[in-house]
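Each chain gets a letter, A, B and so on, in the order the sequences are listed, and its residues count up from 1. Since this is a predicted model, take the numbers as computed values, not measurements.
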Amino acid sequence: MNSSQIRQAFFNFFETKNHFIEKSAPMVVKNDPTLMFTNAGMNQFKDIFLGNSPAKDLRVANTQKCLRVSGKHNDLEEVGHDTYHHTMFEMLGNWSFGDYFKKEAIVWAWELLTEIYKIDKNSLYVTVFEGAQDDNLEPDNEAKEFWKQYVPEDRILYGSKKDNFWEMGDTGPCGPCSEIHVDIRNEDEKKKISGRELVNKDHPQVIEIWNLVFIQFNRLSNGSLQPLKAKHVDTGLGFERLCMVLQGKQSNYDTDVFQPYIQKLATLANKNYGKKEESDIAMRVISDHLRAVAFAIADGELPSNNKAGYVIRRILRRAVRYGYTFLGFREPFIHQLVPVLVENMGNYFPELPGQQDLIMRVIAEEESTFLKTLAVGITKFENYIQGNPDKKIVDGNFAFELFDTYGFPIDLTQLMAREKGFDVDMKGFESGMKQQKERSRAAATVETQDWIVLNPSNEETVFLGYESLQAEVKPVKYRKVTSKGKSLFQLVLDKTPFYAESGGQVGDRGTLKAGEIALHILDTQKENNLSVHILDKIPEQWPDTFIATVDEKKRRLTENNHSATHLMHSALRKVLGTHVQQKGSLVDEKRLRFDFSHFAKVTPEEIEKIEQLVNERIRKNIQREEHREVAMEEAQQMGAIALFGEKYGDKVRVIAFDKDYSAELCGGTHVHSTGQIGLFKIVSEGAIAAGIRRIEAVTGKLAEDYVNEKINTLNQAKEVLKNPKDVLKAIEQLQQENDKLSKQIQQLQKAQAGNMIDELKQKAQKVGDINFISVKLAIDAQMAKDLAFEMKKQIESLFMTIGHLADGKAGITIIISDNLVTEKQLHAGNIVRELAKEIQGGGGGQPHFATAGGKKPDGLDKAVSRAIEFIKK
RNA sequence: GGGGAAUUAGCUCAGUUGGCUAGAGCGCUUGGCUGGCAGCCAAGAGGUCAUCGGUUCGACUCCGAUAUUCUCCA
């Protein structure tokens, strides 16, 4: 079977077991502060396990694209060096939300592997949880009994808490799990040592392929376990490994999941795969990272310099670096693999072909900037080697600087050092690294306490804010969150008029009142499906209900901007083309910011057209159309623009302003009719990444202010220019005149300086063969300098001292012709320092030119008269 | 969120312990030469040294803040 068939067989099998086949959620996580990327199949169902949302279907199966850059089998630095580490991978899974439990999960897993995929039963091993005293847990004999019906007991192993007890995090749902391992060694190897001995021993050919998790507890922050009412099944079957097993390969990279990219790379690099260890590693690294980066970009996460974007950038750069070092690439090359990826996976993941152009451009741009950074670092390194030719060891601090500042991985530095016959001081490097880590950890500790439940509920918060801004609400639970010494409280309500930050629209602010109690809601945020109200304090006694009131002014202004964003989005697509896709959005009460894919600067003419279109719609005062609880397919038929990857169970809501003009999937709040927006004005346009532009705009009163300010500035300019008919022409004339005048001044100054020079020449006296001048002038330091250098050009063997005084500042300037400096050993710097004593100042300079300044102008005469002492000696 | 670095001519970059009236290569303008692959020679234009503030007789250089970019850690 090829990989597509393997994936399809999984879905077909679970469909016959009444599972709903869910699409993969985006790999990039939006509303979860604890997670940047989907790192397991269960992520999109997290709210169901946590009891924050009810399940839509009780049985679900899917494949989930996941990304991991740290962890047991996913340390970024390991990827490519062996046959099974990956950053991005697919996790096949079947799910039961309070429906079937251990028995069915085990029976079906066995059936699929042995009957459908036809894996040899004799090479399979299973593990069950052995129990744990510290948690007071018995061995999972229930699971073992089910297994015994299919698997001989000598192939059922007990596993420790580490391997066989799954936890979502420090707190949250958890439970025992049962793993299926497969031994893919050849018969000779199997005879030498039993597979039983190698299970969970990190043997590359005796591997876990399927983990069946039985969620039955909730871990509290004090460490204790609480049994769950509804028990769930969460399974994860590693797709890439499964392909390896079914295709009879010894390495994930030998399957058709990775080979197309490896082969393409081999062609591009003019090297064969399987010939040399280091180029093989490089090809594996690149083929893995290509997938991770391309999917991330397709899901809207662009390489950038912090957070999730930075992780993507790091992955891409690692790939570039391996290509650079081991495959000899000096020009961007990874983007050329994207078409192969699209051909390979585009069928099941339409987001790839949909954005192929953008993905290629972004990758190409990143590649070329990083190749530049590498070049800078290499120069830095070579300078270091040249500066320390006898050292034979690269300083640890320097190696760390290269790593920290220029992104040079330590192994690259070692490699380059070896080429020059140098070693690297690894101890010094490690200590720099350690310090950095400690600094960061100390800066970012967030302490989250357990939820304190006031009124138990496992329903989602009902959002009332589409209709009303005030409501009587019941507190459900709250907790304290401490970060950097500041404590805030998070509060969940049964229903709320407060909009939680999402889809670019900022969260609402407002108040909670109950009798004497008045609380301020500082912000409202979303944690997965949970609406969390942020408070700075909580009441001593919780009332049964509050009156919740949203800050209306802020909300209305924000709505203006949000609706305007929709209107602008369609205007952009009309004016620039339908390749325009939203890549980011921020809407608050002051402005709207919109990032979108587009490959050229938006011209002033286009900006004007966009503004016109939007303002036209505003003037038409179009009524808002709102459709809630719409099925995805229906929404698409309505022509609604959607971002890729709606989440499982999301109710789709469509907002339209004249549905032939603007219809979008959106959970945000909007104006009743577009006239409320008043006026729309684009304030700035620019690039934020390759192929991504950003527009900022304002609406309503703020747009008025913006326009008025521009007009005022123009009016003021007019006034200053005495109200000319044509302002532009007036300014041009002014500029021309200005140019003319400055030239005249320059000429005059030259003439003046010429006069001064002539005068000074008269004052020159011969002292031996030196032309000596010492004068006091009413000029500033800059003029003295100019004069000095001009004199030096015109008079040979010059020794000149100028005492100058301007704006109450006294100074001394000395210039000496070069021949005197060498022949007479004169040093202007030393002389000026001596003379400066007369004006209570200090100074210095070079042998031929020096300056000094002082606080006592009275001493200038004396200083000037003393100058001659220094050449008489 | 916390660190490290960079920002100098249209482009790519030099610039030593604070003092060379800020330089190079490419590009540009002008003139001359020229049958040879990036033609050659000569002259010239082009700079708020990212921005603001401070220290100093004097700041591209030192200090602080801001902006932008790179980079590492979380």
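Residue Arg313(A) is in sugar-phosphate contact alone, with no base atom involved, counting any heavy-atom pair closer than 4.0 Å across all strands shown. Residue contacts shown for Gln436(A) include a base, since a base heavy atom lies under 4.0 Å away. Looking at heavy-atom distances under 4.0 Å, Gly407(A) makes contact with sugar-phosphate atoms alone, never a base. Among the heavy atoms of the strands lying under 4.0 Å from Gly842(A) is at least one base atom, whether or not backbone atoms are also near. Residue contacts shown for Phe789(A) include a base, since a base heavy atom lies under 4.0 Å away.
Distance noted for atom C1' between rG19(B) and rA42(B): 33 Å (whole Å). Atom P of rG36(B) sits at a distance of 14 Å from the matching atom of rC41(B), rounded to the whole Å. Spacing between rU8(B) and rU51(B) at atom P, rounded to whole Å, works out to 10 Å. Separating the P atom of rU48(B) from that of rG2(B) is a span of 34 Å, rounded to the nearest Å. Comparing rG27(B) with rU68(B), their C1' atoms are spaced 26 Å from each other, to the whole Å. Taking atom P on both rU55(B) and rU61(B), the two are 15 Å apart, rounded to the nearest angstrom. Distance check on atom P: rC49(B) versus rG10(B) gives 12 Å, rounded to whole Å. A gap of 14 Å separates the C1' atoms of rC26(B) and rG46(B), to the nearest Å.
Remark: rA24(B) base-pairs with rU12(B); criterion is Watson-Crick or G-U wobble with both hydrogen-bond distances under 3.5 Å. As the counterpart of rC52(B), rG64(B) is assigned, both hydrogen-bonding distances of the Watson-Crick or G-U wobble pattern falling under 3.5 Å. In this structure, rG19(B) forms a base pair with rC57(B), meeting either the Watson-Crick or the G-U wobble geometry with both donor-acceptor distances under 3.5 Å. For rG46(B), there is no paired base (Watson-Crick or G-U wobble, both distances below 3.5 Å). Searching all strands for a Watson-Crick or G-U wobble partner of rC33(B) with both distances below 3.5 Å returns rG39(B). Base pairing of rU69(B) is made with rA5(B), judged by Watson-Crick or G-U wobble geometry with both donor-acceptor distances under 3.5 Å.
Between His848(A) atom NE2 and rC20(B) atom P there is a gap of 8 Å when expressed in whole angstrom units. Taking atom CZ of Phe403(A) as the reference point, atom P of rG4(B) lies 16 Å away to the nearest angstrom. Between the CZ atom of Phe849(A) and the P atom of rA22(B) there is a distance of 11 Å, given to the nearest Å. A straight line from CD1 of Ile410(A) to C1' of rC73(B) spans 15 Å, rounded to a whole angstrom. As a whole-Å value, the separation of Met433(A) CE from rG2(B) P is 19 Å. Computed from coordinates, the Asn397(A) CG to rA5(B) C1' distance equals 15 Å when rounded to whole Å. As rounded to whole Å, 14 Å separates atom C1' of rU21(B) from atom CD1 of Ile802(A). Distance, Gln846(A) CD to rG58(B) C1': 11 Å, rounded to whole Å.
Atom NE2 of His598(A) is separated from atom CG of Leu358(A) by 12.5 Å, given to the nearest 0.5 angstrom. Here CG of Leu820(A) is found 11.5 Å from CD of Gln825(A). Values are rounded to the nearest 0.5 Å.
The listed nucleotides are rC20(B), rG3(B), rA5(B); the one nearest the side chain of Lys785(A) is rC20(B). Taking the side chain of Arg439(A) as heavy atoms from C-beta on, and the options rG3(B), rG4(B), rC57(B), the nearest nucleotide is rG3(B). Checking rG58(B), rU21(B), rG19(B) against every side-chain atom of Asp786(A), the shortest atom distance belongs to rU21(B). In this structure, of rC57(B), rA74(B), rA5(B), it is rA74(B) that holds the atom nearest to the side chain of Lys437(A). Between rG58(B), rC73(B), rA5(B), one nucleotide has an atom nearer to the side chain of Thr405(A) than all others, and that is rA5(B).
At least one donor-acceptor pair closer than 3.5 Å links the side chain of Asp288(A) to the backbone N or O of Thr87(A). Asn43(A) places a side-chain N or O within 3.5 Å of a backbone atom of Ala40(A) that can act as its donor or acceptor partner.
Taking the six-membered ring for Trp and thresholds of 30 and 60 degrees, Phe333(A) and Phe329(A) have nearly parallel ring planes, at less than 30 degrees apart. Using bins of under 30°, 30° to 60° and over 60° for the plane-to-plane angle, the ring pair Tyr322(A)/Phe326(A) lands in the tilted bin.
Ring centroids of Phe849(A) and Phe789(A) are separated by less than 6.0 Å, placing the two rings close together.
Comparing Ser304(A) and Glu401(A) by the nucleotide of RNA chain B whose heavy atom lies nearest to each, the residue mapping closer to the 5' end is Glu401(A). Nearest-nucleotide positions on RNA chain B place Gly854(A) closer to the 5' end than the other of Phe400(A) and Gly854(A).
Contact annotation: Arg441(A) does not reach the phosphate of rG1(B) (side-chain N/O to OP1 or OP2, under 4.0 Å).
Residues passing the salt bridge (charged side-chain N to carboxylate O under 4.0 Å, His left out) test with Asp404(A): none are found, sequence neighbours excluded.
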